[in-house]
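Okay, structure first, notes after.
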Amino acid sequence: MLAATVRVAGDLDLAEECVQEAYAAALRGWARDGVPSNPAAWLTTAARRRATDAIRRDLTFRSKLPLLVTPEEAVADTAMERLFGEDPADAEDPDDSVPDERLRLIFTCCHPALAPEAQLALTLRLVCGVPTADVAKALLVSEPTMAARITRAKKKISGAGIPYRVPRPAELPDRLRSVLGVIHLLFTTGHTAPSGADLVRVDLVDRALHLARMLRELMPDESEVRGLLALLLVTDARRATRVDAAGRLLRLEEQDRSRWDRDAIAEAHDLVVAGLRGGAGRYVLQAAIASLYAQAPSYEETDWAQSVQLYDRLLEVWPSPVVALNRTVPLAMVAGPEVALTEIEKLERDPSLAAYQYLPAVKADLLRRSGRTAEARRAYERALALTTNEAERAFLRDRLAAAG
């Protein structure tokens with residue numbers, strides 16, 4: 001609804017208000033008249049009409065003021081630009097370049113005039129509906145910092161007059177990196193929900209997969225687009241086995257591999273192979289690592305040495321502390337937990353990981369395997385204090401209890 005309305009409103013705040021008003025009208029009208037046959041279409045149409053009415057009221061108001069600065073023709077032109085997000089003379093059918101409404105708005109919000117962090121935050125919050133607190137966790141910043149970042153981004157769009165129009169095909173590659181980041185973070189937020197009772201938010205996972213497939217259709221020759229789709233497919237292939245019947249989190253070695261989605265794993269493998277031919281970027285390498293785990297006959301038979309090598313290549317193209325942390329898992333299998341703990345100690349000095357719950361969780365497991373039980377307990381307690389997802393909290397409580 002927001003994606004459709006903002007194209008008419010030309011302003012995020014106005015679009016959000018119109019969407020909220022449409023929901024309020026539905027609560028009143030549907031209770032009286034019944035739910036329409038197509039509720040989504042009803043709501044979207046109501047929101048867009050409110051946006052159009054608001055623009056017309058604004059145009060009427062300004063046209064009746066003394067035209068001391070702005071000629072009447074300019075007033076009309078400005079209103080048209082707000083309606084269409086561009087000069088009407090330059091308008092073109094957005095369906096020609098980006099076929100999906102939400103994907104169109106993601107490309108729009110990923111404007112190069114905004115800082116990359118602002119692009120990710122704004123799009124995840126407004127286009128994908130991820131709560132501000134969860135966006136903050138995904139980007140490893142505090143919730144107040146994230147809220148301020150979103151507010152600044154909206155003000156920048158308004159103040160700079162950035163048009164809400166679909167970028168032309170020639171502009172798409174310049175925005176691709178941010179769009180890939182948005183879809184990946186959307187999937188990650190759904191794959192392991194930052195908060196709540198359930199481990200997975202299926203709606204976000206399915207939305208991310210849909211967007212990744214649409215992006216593949218839009219830009220089939222982009223290696224990193226193939227890599228992202230492969231990463232999402234191979235990671236989601238384990239969805240049915242990540243928790244048991246009671247909702248208890250299952251580790252990778254505990255999962256029933258016979259229930260994994262083999263069609264998705266095979267599709268991901270083909271995409272990885274094609275992606276590697278086009279150059280090993282961040283998402284292609286991540287997908288290659290995930291595919292390595294998925295194709296192993298068992299957890300013990302995973303090619304851990306190759307996994308470390310792939311992580312080393314990934315750190316070259318994407319020097320992220322989270323990647324360095326993930327690398328310690330196969331490193332411990334190859335060189336032992338004490339070697340991995342040395343790497344953990346280095347990462348503990350990185351302020352960006354200070355509130356990242358998986359750092360003490362990984363450390364706790366390595367300490368447990370090294371026989372350092374008392375230290376492992378303290379690390380589990382630290383991880384538990386930072387974790388808000390109930391499935392993960394239950395898992396950590398069990399591990400803490402098992403540590404004595």
Practice prompt. Go through the steps to decide whether R382 and R378 satisfy the test side chain to side chain contact (heavy atoms under 4.5 Å, CB included), and finish with yes or no.
Written response: CA-CA 6 Å; R382 171 63 177 164; R378 289 194 293 271; over 6 Å; no
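- The two residues A354 and L386 make their nearest non-hydrogen contact at O-CD1, 4.2 Å.
- Residue M333 holds its CE atom at 12.0 Å from OG1 of T328, rounded to the nearest 0.5 Å.
- In this structure, R175 and I106 have side chains that are not in contact, with every pair of non-hydrogen atoms separated by 4.5 Å or more.
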Item to complete: Run the numbers on R327 and D312 for side chain to side chain contact (heavy atoms under 4.5 Å, CB included), then give the verdict.
Response: CA-CA 8 Å; R327 177 182 176 273; D312 289 340; 2.6 Å; yes
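- Under 4.0 Å is where a charged nitrogen must lie from a carboxylate oxygen, and between E267 and R213 at least one such pair does.
- Here the rule is side chain to side chain contact (heavy atoms under 4.5 Å, CB included) with H184, and of V182, T188, L180, L186 only T188 fits it.
- Of all heavy-atom pairs between G190 and V205, the closest is C-CG2, 3.4 Å.
- In this structure, W304 and Y299 have perpendicular ring planes: the angle between them is above 60°, well past the 30° mark.
- Note that CG of L271 is 10.5 Å distant from NE2 of H269, once rounded to the nearest 0.5 Å.
- The main-chain N or O of D303 is never found under 3.5 Å from a side-chain atom of S307 such that the two would form a donor-acceptor pair.
- Nearest heavy-atom pair, R149 versus A121, reported as atom, atom and distance to 0.1 Å: CD-CB, 4.2 Å.
- One finds no salt bridge joining R226 and D221 here, because no Lys/Arg side-chain nitrogen approaches an Asp/Glu carboxylate oxygen to under 4.0 Å.
- To the nearest 0.5 Å, atom OG of residue S223 and atom CG of residue L228 are 11.5 Å apart.
- Counting only residues at least two apart or in different chains, ring pair (Phe, Tyr, Trp, His ring centres under 6.0 Å) contacts with residues 212-258 are absent.
- Across every non-hydrogen atom of L341 and S370, the tightest pair is CD1-OG, 3.9 Å.
- With hydrogens and angles ignored, the 3.5 Å screen pairs no side-chain donor or acceptor of T44 with any backbone N or O of A41.
- S291 contributes no side-chain N or O that, together with a main-chain N or O of A287, makes up a donor-acceptor pair within less than 3.5 Å.
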Item to complete: Show your reasoning for whether side chain to side chain contact (heavy atoms under 4.5 Å, CB included) applies to V323 and W318.
Response: CA-CA 8 Å; V323 173; W318 187 33; 3.3 Å; yes
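- Judged by distance alone, with hydrogens and angles left aside, the side-chain atoms of T241 form a donor-acceptor pair with the main-chain N or O of R238 at under 3.5 Å.
- Residues forming a side chain to side chain contact (heavy atoms under 4.5 Å, CB included) with E390 (at least two apart in sequence, or on another chain): R393, R397.
- Annotation: the span from L285 atom CG to Q309 atom CD amounts to 12.0 Å, rounded to 0.5 Å.
- Ion pairing of K346 with E343 is present here, as a side-chain N (NZ or NE/NH1/NH2) and a carboxylate O approach within less than 4.0 Å.
- The CG atom of N389 sits 9.5 Å away from atom CG of D134, with the distance rounded to the nearest 0.5 Å.
- The shortest non-hydrogen separation linking V317 to G281 is CG2-C, 4.3 Å.
- Looking at T342 and E345, their side chains never bring a donor and an acceptor atom within 3.5 Å of each other.
- The existence of a salt bridge linking K363 and E348 is confirmed by a sub-4.0 Å separation between a basic side-chain nitrogen and an acidic carboxylate oxygen.
- In this structure, I183 and L232 have side chains that are in contact, with non-hydrogen atoms separated by less than 4.5 Å.
- Using a 4.5 Å cut-off on side-chain heavy atoms (C-beta onward), R368 and Y380 make contact.
- Between D398 and R248 no salt bridge is recorded (no basic side-chain N to carboxylate O distance below 4.0 Å).
- Salt-bridge annotation for E254 and R242: absent, with no side-chain N of the basic residue lying under 4.0 Å from a carboxylate O of the acidic one.
- Here I55 contributes atom CD1 and L14 contributes atom CG; the two are 6.5 Å apart, rounded to the nearest 0.5 Å.
- Sorted by first then second residue, the ring pair (Phe, Tyr, Trp, His ring centres under 6.0 Å) pairs that include residues 356-378, not counting sequence neighbours, are Y356-Y358.
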Fill in: Worked check of side chain to side chain contact (heavy atoms under 4.5 Å, CB included) between E392 and L199
CA-CA 7 Å; E392 290 187 314; L199 181 66; 4.0 Å; yes
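- Using a 4.0 Å cut-off between charged nitrogen and carboxylate oxygen, R49 and D53 do not count as a salt-bridge pair.
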Only pairs under 3.5 Å count here: list side-chain donor-acceptor contacts from residues 17-24, not counting sequence neighbours, and write none if there are none.
none

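- Judged by distance alone, the side chain of T145 and the main-chain N or O of V141 form no donor-acceptor pair under 3.5 Å.
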Practice prompt. Show your working on side chain to side chain donor-acceptor pair (under 3.5 Å) between Q119 and S178 and close with a plain yes or no.
Written response: CA-CA 7 Å; Q119 295 174 10; S178 295; 2.3 Å; yes
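- Residues forming a side chain to side chain contact (heavy atoms under 4.5 Å, CB included) with R262 (at least two apart in sequence, or on another chain): R257, W260, I265.
- Between the side chain of Q255 and the backbone N or O of L250, at least one donor-acceptor pair lies under 3.5 Å.
- Side chains of E224 and V284 form a contact here, defined as non-hydrogen atoms less than 4.5 Å apart.
- Taking each heavy atom of V234 and A294 in turn, the nearest pair found is CG2-CB, 3.6 Å.
- Residue R313 places its CZ atom among 12 or fewer non-hydrogen atoms of other residues, nucleotides or ligands, all under 6.0 Å distant.
- With hydrogens and angles left out, the side-chain atoms of Q357 and T387 include no donor and acceptor closer than 3.5 Å.
- A 4.5 Å side-chain heavy-atom check between D270 and V273 finds every atom pair outside the cut-off.
- Applying the side-chain hydrogen bond (donor to acceptor under 3.5 Å, both in side chains) test to residues at least two apart or on different chains, the pairs with a partner in residues 197-206 are R201-D203, D206-R239.
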